[in-house]
Amino acid sequence: MARKIGSRYTAHQILGRGSAGTVWLGEGPDGPVAVKLLREDLASDQELVGRFVQERSALLGLEHPHVVCVRDLVVDGNDLALVMDLVRGTDLRTRLDRERRLAPEAAVAIVADVADALAAAHAAGVVHRDVKPENVLLDMQGPLGPGGAHPALLTDFGVAKLIDSPRRATGGRASAPTTRIIGTPDYLAPEIVEGLPPRAAVDIYALATVLYELLAGFTPFGGGHPGAVLRRHVTETVVPLPGIPDELWQLMVQCLAKAPASRLRASELSLRLRDLLPLLVGMPPLDVDEPDEPEQVEFPEPEAVAADPVRRRGVVPLVPGSSTDSNRDTHTSMRVPGPDELAGGALGTARVPRPAGGHRPGSARHRAETVRKRRLALSAAAVALVAAVGVGGWLAVSSDSAPPQDNKQSGSTAP
């Protein structure tokens, strides 16, 4: 059913739902548009509406071939909406769910496009803060690039920042610094987990995580409780992926560095990735299996997620009590973990990729397989021992029943 959005736009049908609102196919004065209508509880928040209006110039001023541009901001009664370019295609999450992993050439081409978009945003002073496959759209009507990849466009600039901005107390005084983490756990940079202000480097870390996921089919630190995921970002080292050129792996390692200053800038990352494309021509998708789920680690349950202990990996509602959506366009809202919680146990929680058909060393399945093999070895040893004892007994019996030997020494002569 069609509905009016302000005085200039009409929304005709829902294209998708996310944690922050609903995306509609709409029509405006200049033709088809995408309209992101924020949830009513967000639209009724006058402070949030004020922040959107203040950020209007930043949201409308970002134009780039690989950015889904915001054309207009509508504030009308209970409606708060972003009017954006309509991209006829799908999002990267949908393609990843369908194919599980991409060939390296296509994965690198897509990530290079997103790096171009981030370079333009960072140059304009805008940090995305929520780079993930759900926020990368693939233009199915655009020309095919390396590896048959469709042009990639980054969307939802500024939304995470606006929703996450610290509230102001009465009297115009700023409230205490926020102690919450808002973002999608699998893609959060370590400095965000530790409570530091997000800079441009957090987008590079998230994009490198997306590249790892496109190649492997899983994120390097995901799996299990969101608190355990956050801790891995701070304490664990990314595990190498077999089968990719060393130059590409070293580039990924640099962009996944714990120290923000060690990571490349977006413009540098784009150039380096495009330089590597000739090495990746014809390479098939990697043949690795997703690691076994790590053992659960004790971590205090945040109030925002305590009411719903059963959920898919990385899916946590933005607002306490709200339901999760179907396309993983979600955030987690958690307090910043303390140093003791981030320190982790002696065994660590890293998820180690394994060759197809194998088990991750140290996992429960790997230990069970080890015990089984050990039992088989012990059983084989016992059978061998019984056989040896039987042979020894037979030799002893044979020796006792044999006729007595002549005492003459070999080669001796009779007297």
Side-chain angles (χ1 to χ4, degrees), residues 1-95 117 126 128 130 132-142 150-164 315 317-319 321-331:
M1 180 178 178
R3 60 174 294 179
K4 294 294 291 184
I5 305 293
S7 61
R8 306 179 63 201
Y9 305 98
T10 302
H12 296 289
Q13 68 182 68
I14 294 177
L15 297 177
R17 286 186 170 89
S19 60
T22 306
V23 180
W24 292 70
L25 171 63
E27 187 76 23
D30 300 322
V33 292
V35 180
K36 184 155 193 172
L37 190 64
L38 270 66
R39 295 195 321 265
E40 289 187 5
D41 60 306
L42 295 177
S44 62
D45 184 340
Q46 294 304 311
E47 185 177 351
L48 176 63
V49 172
R51 290 203 299 271
F52 264 87
V53 173
Q54 290 173 4
E55 292 285 336
R56 179 186 178 93
S57 59
L59 291 173
L60 300 181
L62 188 57
E63 295 188 9
H64 188 273
H66 293 294
V67 171
V68 180
C69 297
V70 176
R71 295 187 181 182
D72 201 356
L73 175 65
V74 176
V75 181
D76 183 24
N78 291 327
D79 288 344
L80 178 59
L82 296 171
V83 180
M84 304 176 290
D85 289 341
L86 179 64
V87 178
R88 298 193 181 275
T90 186
D91 62 70
L92 188 54
R93 170 63 62 200
T94 299
R95 179 175 178 184
V126 178
H128 190 286
D130 199 19
K132 57 186 177 183
E134 289 82 353
N135 286 336
V136 177
L137 303 185
L138 302 177
D139 183 4
M140 297 303 182
Q141 295 186 338
H150 293 279
L153 292 86
L154 189 57
T155 188
D156 270 6
F157 273 95
V159 174
K161 173 189 174 184
L162 290 168
I163 295 176
D164 190 27
V315 178
L318 175 65
V319 176
S322 65
S323 61
T324 58
D325 56 274
S326 60
N327 69 354
R328 289 188 53 175
D329 182 13
T330 51
H331 301 72

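Just so you know, residue 1 is the first one in the sequence shown, and it goes up from there.
- For Asp130 (side chain) and Asp156 (main-chain N/O), no donor-acceptor pair under 3.5 Å exists by modelled atom type.
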Worked verdict on Trp24 versus Ile5 for side chain to side chain contact (heavy atoms under 4.5 Å, CB included): CA-CA 10 Å; Trp24 292 70; Ile5 305 293; over 6 Å; no
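- Leu38 contributes atom CG, which lies 6.0 Å from atom CG of Leu82 (distance to the nearest 0.5 angstrom).
- Checked against salt bridge (charged side-chain N to carboxylate O under 4.0 Å, His left out), Arg88 has no partners two or more places apart in sequence or in another chain.
- Pairing each heavy atom of Val33 with each of Gly28, the nearest pair is CG2-N, 4.3 Å.
- The minimum heavy-atom distance between Pro29 and Tyr9, with the atom names listed, is CD-CE2, 3.9 Å.
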Using side chain to side chain contact (heavy atoms under 4.5 Å, CB included), reason through His128 and Asn135 one step at a time and then give a plain yes or no. CA-CA 10 Å; His128 190 286; Asn135 286 336; 3.7 Å; yes
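- Sorted by first and then second residue, the ring-ring contact (aromatic ring centres under 6.0 Å, His included) pairs involving residues 59-80 (not counting sequence neighbours) are His64-His66.
- Residues that satisfy the side-chain contact (heavy atoms from CB on, under 4.5 Å) test with Leu15, not counting sequence neighbours, are Gln13, Val23, Leu25, Leu86.
- The CG atom of Leu153 lies 11.5 Å from the CE atom of Met84; values are rounded to the nearest 0.5 Å.
- Not counting sequence neighbours, Asp139 has no partner by the side-chain hydrogen bond (donor to acceptor under 3.5 Å, both in side chains) test.
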Stepwise, does the side chain to side chain contact (heavy atoms under 4.5 Å, CB included) test hold for Leu80 with Leu73? CA-CA 8 Å; Leu80 178 59; Leu73 175 65; 4.1 Å; yes
Could you go through Leu37 and Arg3, starting from their C-alpha distance and side-chain angles, then the distance that decides it, and tell me whether this counts as side chain to side chain contact (heavy atoms under 4.5 Å, CB included)? CA-CA 11 Å; Leu37 190 64; Arg3 60 174 294 179; 3.3 Å; yes
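- Annotation for Thr94 and Thr90: closest pair CB-OG1, 3.2 Å, computed over non-hydrogen atoms.
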